[in-house]
Structure formats: structure tokens, C-alpha cells
Chemist: 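Handing you this structure, nothing more for now.
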Amino acid sequence: MKYFAPKSLEELKDLFLSNHDLNILAGGTDVLPRWQDNPSLKLDVLVDIKKIPELIGIKESETDIKIGALTTVQDLKKSDIIKKHFSSIYEATCQFAGVQIRHRATIAGNICNASPAGDLLPGLYVHNAVIQISGLKGERVVPIHQFITGVGKTILESDEIVVGIVIPKSSIKSLFYKLGLRQSMAISVVNFAIAYEIDENNNWKSLQIAAGSVAPTVIYLKTFTDALFSGSDVDESIQLVDDEISPIDDIRATASYRSKVIKNVLMHIIKEIYVR
Amino acid sequence: MQLIPILTPLKKTGEKSVAKQSYSISLSVNGKLIQADVSADLRLLDYIRYELDLTGAKEVCGEGECGACTIVLDGKTVNSCLILAVEVDGAEITTIEGLSKNGTLNEMQKAFVDHHSVQCGYCIPGMVLSGEQIIKDHEQPLRDTIKEDLSGNICRCTGYQKIVNAIETVANQS
């Protein structure tokens, strides 16, 4: 195994030019267990991006907030900016693994790992986060729901990395819900985030729901929210969720449990928001 | 998941039988400056245990779930099983061995003794370091906050009450 720790994006690009099959290492909390479980997994060239200063820090502008790729989950949790503008993301950081993992795990790592159960993802989806990518061919920005394409799959090319995440500021409120088999250190059985605004007449002004662990990627529950938006009753429209999700049986729960539990909890929380 | 028999020799990834490219790192461990040559696939936990003979940090799960390998890296608790030794070039590390001064236990360690917080002891180095992190992060932590922030450390003997009691005591003193 070879190890490189470039000190700038330029140095990283030189590595891209001279090597193929680089394995990017950020916090390592997913890469290392995967490698130890499966030694045949080739990690010939490891590129540690933690020494690249351009990837660090949370910056606030008038219209949006830019989160550097290497921002750890604990940094997000402690950030007043995140807590103020994006409650669902803040709430997800509180339920994310334990302190030691949160000290290492990065936001870009959680996104690039592209787990259907990634806890930061639903909040990023409902706040319309955009992924900033940099590579040999230049820069590009892609909305998160287009960035993640399947279980562990993203559109990232082998000569590109995520440099940051941009989230537009808004007055939208949001919340995060996670069901795990225990309160901490649990991989979500079901998780979701809801972003919403309600006008003075108690009607939805906007509503977006993104759910995890119920499909190969986090998905927007669009049919369900459209129905609510057009004034349908929650108790009736909740059944539409079944047409949108495609949960599987796994070690943590069965598909039918996931389907049941997401509908029950969603219904409960939507009613609660509505009453508020 | 693959089951690994408990008694297989622990992975000493640093073994020198195969010529591997080595990387020179310098770091501070418990206040002592150290220079070393390590191979890229050597885990920090193995480096600390087998090269530095600091065996307070333990390996249990090897995948960051249990917290037995907890150390402090640049002021933050981390799982040393999920970090490579090459990654910590220039860093400052404290292990459980670095808490006592001249053979005298620090406040947190004393509290663990006073509260009988230790049974088999395997998780305790990690518990003590997480306790230190808690009193650093919170001025007067609620009992629930202590429990929440201890969630990355698993204990199979004590039932946690006496560990939480010890940390609570230190938190209320400071």
C-alpha cells in the first residue's frame, strides 16, 4: 500500500495525473472497516485528503452556507450556523454514531459512501444541498439527489473529489427522525427528514420529505407530499408512501416492518406539525 | 459478516517479513516526542500497542463500534482502530497511560476507583478518556448528557451506573 497526503488541490491533481485507482481517505470510519473485513479489497494507493486546507471549514454568505468536505460530524453538531438554519441536519448529527466516530467522520465521506441509511443525507436532501466537485476536467456542481445514484454509488469520476457542500439559506423549518435498534451507534432501520413551511391559514406553503433505508438511495416522497399539498387527508394519502418506497429485508428489519413503521411515524409527525 | 476466531494471533500489520515502503512520522505521545518509520497499512492501534508497548488501548470490535481502543488525538477522542499510523504525522496523542503524573492517578481515574466503576476493566481506559472528553465539552453535564456522550463505549459488566456516577462526580467538582 502506498500513502500520499497532498497539501493542496493542485498536488492532488498531480496525483490524479500520475496514478490510477486512487482510494480517497477522509475520516476513514467507513473505508477502514471495509478494508479490514475484506483484505482482498485492493487499497494500493491511499490518498489522505485531510491536509488540504481548501476542504476545511463552514462559511456563511448572504444566500447560502458552504460546508467544506472535511467538516466532521462533530464540527457540524457544534456549529451554531447549522443549528440555526438546518435543524434536520443538526438533529441528525446528535444521533450519529458516538462521539469518537463523530470526531473523525466527515460530511463528504457520509455523502460519498452513499449508504441508503446515511444519517446526514435526508436533511441534505430536504434542504436542497448541492455537491461541489473538483477534478482534472474542472469543477462542477450537482444536486445531492443526482449525485448519489445507488447503494454505494455516486457520479464521482475516479479523477474527482467532493470539495464542499452548498446549502441555500431559507426560512424553511426542518426536522429529522431516526429509528435504530438502539439509541446510539445504530444504523438506521428507517430515517427521514421533513422540511416545511405553514402559512397563517394553516396550509402548507412548502413541504419536502426525504426518507432513508427504504430504497437503494435516499428518496423524496413526492407523491405523498403532492397529495398533502393538494389538501388530501393524511390518513388516506399515507398509503401512497408504499408506491414510492422499495424496502428490503436485512439484518436490522424486514421490508414489511420498514413499510409499516415509516407510514406510522410519518403520519404521527405530519399531524403534529399540522397541529403546531 | 465474516466471523474471526478470537484466538487467532492479532494482526500485527507492521511485521517486517515483506519489504514494504515505509513512511517516517513524528508525533507526540503522552508528551514525549517520537520519530518512527511505519508502513502505510499499520493501524494506529497496533502501532501504539505493539511498537510503543502502550497496551491500555484495547482491541475488541476493530470497527469503531465499541470504544475500547479510544485514545485522544489532538484533543479529541477517537477510535485508534480506524486510523492508520501514517495519518497522525505531526499529531499529539494521549493514551490512558498519559493521564497519571508521577504514579498519581488523575481526578477521573481516582473517581473510577472510588465509585468501584471497574469490573473486568477491558473497556475502562476508553471510558476514562471519554469521561475526560465529557467534562471538557460540557460545563455541568446532565446525567443524560453523560450517558449520551458515553454511547461510543460499550461495557458488558458494569451496567454503566457506576461509570456514569464517577464521571458525574468529577463533572460536578470542576
Side-chain angles (χ1 to χ4, degrees), chain A residues 1-5 7 22-51 70 72-75 77-78 91 93-106 109 180-187 250-252, chain B residues 1-4 11 13 18 20-23 25 38-45 59 61-91 126 129-131 133-134 136-137 144-145 147-154:
Chain A
M1 187 193 285
K2 278 187 180 166
Y3 173 86
F4 295 97
K7 291 196 176 63
L22 301 182
N23 294 281
I24 302 292
L25 176 73
T29 54
D30 282 311
V31 174
L32 266 79
R34 208 180 299 140
W35 167 59
Q36 292 182 62
D37 274 357
N38 182 7
S40 65
L41 190 82
K42 286 235 166 82
L43 283 187
D44 288 344
V45 186
L46 209 53
V47 179
D48 183 355
I49 56 171
K50 284 191 291 294
K51 307 237 153 85
L70 291 175
T72 65
V73 178
Q74 191 73 351
D75 289 340
K77 182 170 186 273
K78 287 186 169 171
E91 286 166 20
T93 64
C94 298
Q95 298 184 55
F96 194 107
V99 177
Q100 294 97 315
I101 298 275
R102 293 205 291 261
H103 277 149
R104 291 295 279 184
T106 65
L181 296 183
R182 56 194 288 263
Q183 280 187 11
S184 302
M185 300 302 300
I187 295 175
D250 72 6
I251 187 172
R252 285 173 283 281
Chain B
M1 199 209 289
Q2 183 192 359
L3 287 176
I4 303 163
K11 250 186 282 176
T13 28
V18 193
K20 281 180 184 166
Q21 187 170 351
S22 69
Y23 297 82
I25 56 170
V38 296
S39 68
D41 58 0
L42 177 68
R43 295 183 309 170
L44 182 57
L45 174 63
E59 172 154 21
C61 72
E63 51 189 44
E65 299 280 341
C66 75
C69 67
T70 300
I71 59 154
V72 181
L73 173 65
D74 292 329
K76 292 170 183 169
T77 49
V78 293
N79 297 306
S80 60
C81 73
L82 295 185
I83 298 174
L84 298 168
V86 276
E87 288 180 70
V88 300
D89 183 30
L129 292 173
S130 284
Q133 183 78 50
I134 290 168
K136 213 169 95 183
D137 284 349
D144 279 348
T145 308
K147 287 184 187 171
E148 221 177 284
D149 279 17
L150 263 191
S151 63
N153 296 79
I154 292 176

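The sequence lines fix the lettering, A, B, ..., with proteins before strands; numbering per chain opens at 1. Since the structure is predicted, the reported quantities are computational estimates derived from the model, not experimental observations.
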Chemist: Please lay out, stage by stage, how B/E65 and A/I101 fare under the test side-chain contact (heavy atoms from CB on, under 4.5 Å).
Modeler: CA-CA 9 Å; B/E65 299 280 341; A/I101 298 275; over 6 Å; no

Chemist: Of all heavy-atom pairs between A/A97 and B/S151, which one has the smallest distance, and what is that distance?
Modeler: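 Closest approach of A/A97 to B/S151: O-OG, 4.1 Å.
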
Chemist: Are B/E87 and A/R104 ion-paired here, with the side-chain N under 4.0 Å from a carboxylate O?
Modeler: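 So B/E87 pairs with A/R104 through a salt bridge.
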
Chemist: Pick one of side chain, backbone, both or neither for B/L73, based on which atoms fall under 4.5 Å of a heavy atom in chain A.
Modeler: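 Side chain only.
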
Chemist: Is it the backbone or the side chain of A/L25 that comes under 4.5 Å from a heavy atom of chain B, or both, or neither?
Modeler: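 Interface part for A/L25: side chain.
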
Chemist: Counting only non-hydrogen atoms closer than 4.5 Å, does A/A5 touch chain B with its backbone (N, CA, C, O), its side chain (CB onward), both, or neither?
Modeler: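 Neither; nothing under 4.5 Å.
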
Chemist: Could you tell me whether the side chain of B/L82 reaches within less than 4.5 Å of the side chain of A/P33, counting heavy atoms only?
Modeler: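 Heavy-atom side-chain distance check passes, below 4.5 Å.
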
Chemist: Given heavy-atom pairs under 4.5 angstrom as the criterion, report whether the side chain, backbone, both or neither of B/C81 touches chain A.
Modeler: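 Backbone of B/C81 only, per the 4.5 Å heavy-atom cut-off to chain A.
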
Chemist: So for A/K2, is it side chain, backbone, both, or neither that comes closer than 4.5 Å to the heavy atoms of chain B?
Modeler: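 It is both, since atoms from each part get that close.
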
Chemist: Based on non-hydrogen pairs under 4.5 Å, which of A/H103, A/M1, A/R34 is most in contact with chain B?
Modeler: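 Of the options given, most contacts go to A/H103.
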
Chemist: Can a donor-acceptor pair be found, under 3.5 Å and without considering hydrogens, that links the side chain of A/Y3 to the backbone of B/Y23?
Modeler: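 Side chain of A/Y3 to backbone of B/Y23: no pair is present.
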
Chemist: Could you walk me through whether A/D37 and B/E63 satisfy the side-chain contact (heavy atoms from CB on, under 4.5 Å) test, starting with their C-alpha distance in whole Å, then the side-chain angles of each, then the deciding distance to 0.1 Å, before giving a yes or no?
Modeler: CA-CA 9 Å; A/D37 274 357; B/E63 51 189 44; 4.0 Å; yes

Chemist: Are any of the side-chain heavy atoms of B/L84 and A/W35 separated by less than 4.5 Å?
Modeler: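 Touching, per the 4.5 Å side-chain cut-off.
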
Chemist: So what's closer than 4.5 Å to chain B heavy atoms on A/L46: side chain, backbone, both or neither?
Modeler: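 Interface part for A/L46: side chain.
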
Chemist: Under a 3.5 Å cutoff, is there a donor and acceptor pairing between the side chains of B/T77 and A/Q100?
Modeler: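 No, A/Q100 and B/T77 have no side-chain donor paired with an acceptor closer than 3.5 Å.
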
Chemist: Closest heavy-atom contact between A/R102 and B/D149?
Modeler: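 Closest heavy-atom pair between A/R102 and B/D149: NH2-OD1, 4.2 Å.
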
Chemist: Between B/L150 and chain A, with a heavy-atom cut-off of 4.5 Å, which part of the residue counts as in contact: side chain, backbone, both or neither?
Modeler: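 Neither part, no heavy atoms under 4.5 Å.
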
Chemist: Rounded to the nearest 0.5 Å, what separates atom CG in A/D48 from atom CD1 in B/I83?
Modeler: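 If I round to the nearest 0.5 Å, the distance is 10.5 Å.
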
Chemist: Does any non-hydrogen side-chain atom of B/K76 lie less than 4.5 Å from one of A/V99?
Modeler: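 The answer is no, as the side chains (C-beta and beyond) never meet within the 4.5 Å cut-off.
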
